[in-house]
Amino acid sequence: MIMKLYNTMTRRKEEFVPLVPGEVKMYSCGPTVYNYFHIGNARPFIIFDILRNYLEYKGYKVTFVQNFTDVDDKIIKRAKEEGITEKEVADKYIEEYFKDAEGLGIRRADYHPRVTELISDIINVVKKIQDNGFAYEVDGDVYFDTTKYREYGKLSKQNLEELEAGARVEVGEHKKHPMDFALWKKQKPGEPAWESPWGMGRPGWHIECSAMSMKYLGETIDIHSGGQDLIFPHHENEIAQSEAATGKPFARYWMHNGFININNEKMSKSLGNFFTVRDISKMYDLEVVRLFMISSHYRSPINFSKDLLDSTKNSLERLYIAKNNLLHLLENAKDRDETEEEKALREKLMTHKDKFIEAMDDDLNTADAVSAIFDLVRDINSNINENSPKTLIQFAYDLYMELAGVLRIVTKKEESLDDEIEKLIEERQKARKEKNWALADKIRDDLKSRGIILEDTPQGVKWRRA
RNA sequence: GGCGACAUAGCCAAGUGGUAAGGCAGAGGACUGCAAAUCCUUUAUUCCCCGGUUCAAAUCCGGGUGUCGCCUCCA
């Protein structure tokens, strides 16, 4: 079936048909690496990682690019504060990005370009724009001339006059129009700079994404994504620059995720409701955060709180218990032919996969996809037990892991126990055989206080971590 | 002023014309030596309010109300 995606450009769900059949080229705006990334940054990283996975699951060859902005005012400021170089700041937080991203189950992109590595490519794009008559230089700064680009505002559905009314013009800027923006910024004392046809300077903020997208994916790409706040001005400017440079459409589908609020308020440092993923990782397994993010639709605004994470943690627990039950059943399963009824069960379980795919095809409705997994889990729990044949258990397990794998949840393996605890469990089993319930319960309570929960099942004792 | 989003049970959240998914929390039951896990039952005559269209609306239209966001760095 054909997938539908909501395209910000047309404000409609559209059938997704890539430019080259079977191949998808996607670019997602990445972090400015001056700090640990926060829970709001995490949302697009997770969502578009899942989009990428799902497109691959559907059989597309996906090329995915996500940039690191490693030259920018915030990085320069940070470097000055800490008395280290801009590169050291960027290197550190790129490394930290990968740590947190891995915890969240986010795969690395095919390319993670850094601005400082592509300066000459960026300069070339700026030159092209200037050669095409869409940019002008004023004393070492190069600005994009928005009045020359007739379609300016097509993504955010604004026109120049309206924008002008709300615009703020900084003193000392030499722009011809308030909405013009810098492609190249003249060096200021003490700032990192590179040689260019306009003298020493550094790229403006928006140009890097245009240059990187073109370099790794070509002049027209399939999907460009990011947070809703990037629609204007960042993505609007990217479109203007790129199309002014190439004369070709820049991206065919624009996808934007909704914001995360804290108690219905925007997260900001001044309100003191700012959470980095690193902070959260100290209290929760980050897989909980991943499940939380995909439990609602990516375009809806969502609230974030500890209570919501606690609730999600319990949901995830249910999924893990189901997985581990299947593994446990598999260990001692009987080899025998399936009955007609059991064969019919396979069909029933497959209906959940259909629902899953239908949901994902509908503009990445992960909330519905997750509910399909819960439906599958319920059917598995109700119908598969210690009497089920091995082939059926394996089938259920594989199906479950296939769907969970697309979302990259329920990925962790069961850990092993240390010898001391193994011994206590054996001791308890012995006590139970002798009907020494007092001792058996005492051992169970002791283990519980050490974070090990025991369950007595028809196939013997099972354990899990609290 | 311009552009836009959201409002569904105690909480979270799908559904967007055909009679309210799923999760968490709670209650009752089955199972168990007792638990845990699991399963079953139960929790919205109703989807912010008021009109309208329709055989039929949470879903479409009009008008309100409330909350939030972008237009300035921002996911």
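Owing to the predicted nature of the structure, the values given are computational and were not obtained by experimental measurement. All chains are named by letter (A, B, ...) in the order of the sequence lines, taking the proteins before the strands, and each is independently numbered beginning at 1.
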Which part of the nucleic acid, if any, lies within contact of R432(A), taking any heavy atom under 4.0 Å across all strands shown: a base, the sugar-phosphate backbone alone, or nothing?
base
Is the centre of the F64(A) ring less than 6.0 Å from the centre of the F48(A) ring?
no
Contact class for K74(A) vs. all strands (heavy atom < 4.0 Å): base, sugar-phosphate, or nothing?
sugar-phosphate
Please report the distance, rounded to the nearest Å, between NZ in K313(A) and C1' in C12(B).
17 Å
Check whether any side-chain heavy atom of F68(A) sits under 4.5 Å from a side-chain heavy atom of T32(A), and report yes or no.
no
What does F232(A) touch in the nucleic acid at a heavy-atom separation under 4.0 angstrom: a base, only the sugar-phosphate, or nothing?
sugar-phosphate
Give a yes or no on whether a donor-acceptor pair under 3.5 Å exists between the nucleobase atoms of G33(B), that is its base, and the side chain of D441(A).
yes
Any carboxylate oxygen within less than 4.0 angstrom of a Lys/Arg side-chain nitrogen, looking at E96(A) and K99(A)?
yes
For H38(A), answer base if it contacts any base atom (sugar-phosphate contacts may also be present), sugar-phosphate if it contacts only those atoms, and nothing otherwise; contact means non-hydrogen atoms under 4.0 Å.
base
Ring centroids of F259(A) and G69(B) base under 5.5 Å with planes under 30°:
no
Which one is paired to A7(B), where only Watson-Crick or G-U wobble pairs with both distances under 3.5 angstrom count?
U65(B)
Looking across every strand, which nucleic acid part, if any, lies under 4.0 Å from I39(A) by heavy atom: base, sugar-phosphate, or nothing?
nothing
Return whichever of N381(A) or S371(A) has its heavy-atom-nearest nucleotide of RNA chain B closer to the 5' end.
S371(A)
Select base, sugar-phosphate, or nothing to describe what N261(A) touches, counting heavy atoms under 4.0 Å on all strands.
sugar-phosphate
Across the strands shown, which category fits G40(A) at heavy-atom distances under 4.0 angstrom: base, sugar-phosphate, nothing?
base
Please classify the nucleic acid contact of S300(A) as base, sugar-phosphate, or nothing, using heavy-atom distances under 4.0 Å.
sugar-phosphate
Stacking between F374(A) and the base of G23(B) (centre distance under 5.5 Å, interplanar angle under 30°)?
no
Check whether the side chain of D456(A) and the base of C34(B) form a donor-acceptor pair under 3.5 Å.
yes
How is R465(A) classified with respect to the nucleic acid when contacts are heavy atoms under 4.0 Å: base, sugar-phosphate, or nothing?
nothing
For I260(A), report the nucleic acid contact type (base, sugar-phosphate, nothing); a contact means any heavy atom under 4.0 Å.
base
Does C73(B) pair with anything, Watson-Crick or G-U wobble, both distances under 3.5 Å, and if so, with which nucleotide?
none
Heavy-atom donor-acceptor pair, R444(A) side-chain to C34(B) base, under 3.5 Å
yes
Would you mind telling me which of Y97(A), F274(A), F275(A) makes a ring pair (Phe, Tyr, Trp, His ring centres under 6.0 Å) with F37(A)?
Y97(A)
Check whether K323(A) reaches the backbone of K412(A) with its side chain - one donor and one acceptor, N or O, closer than 3.5 Å.
yes
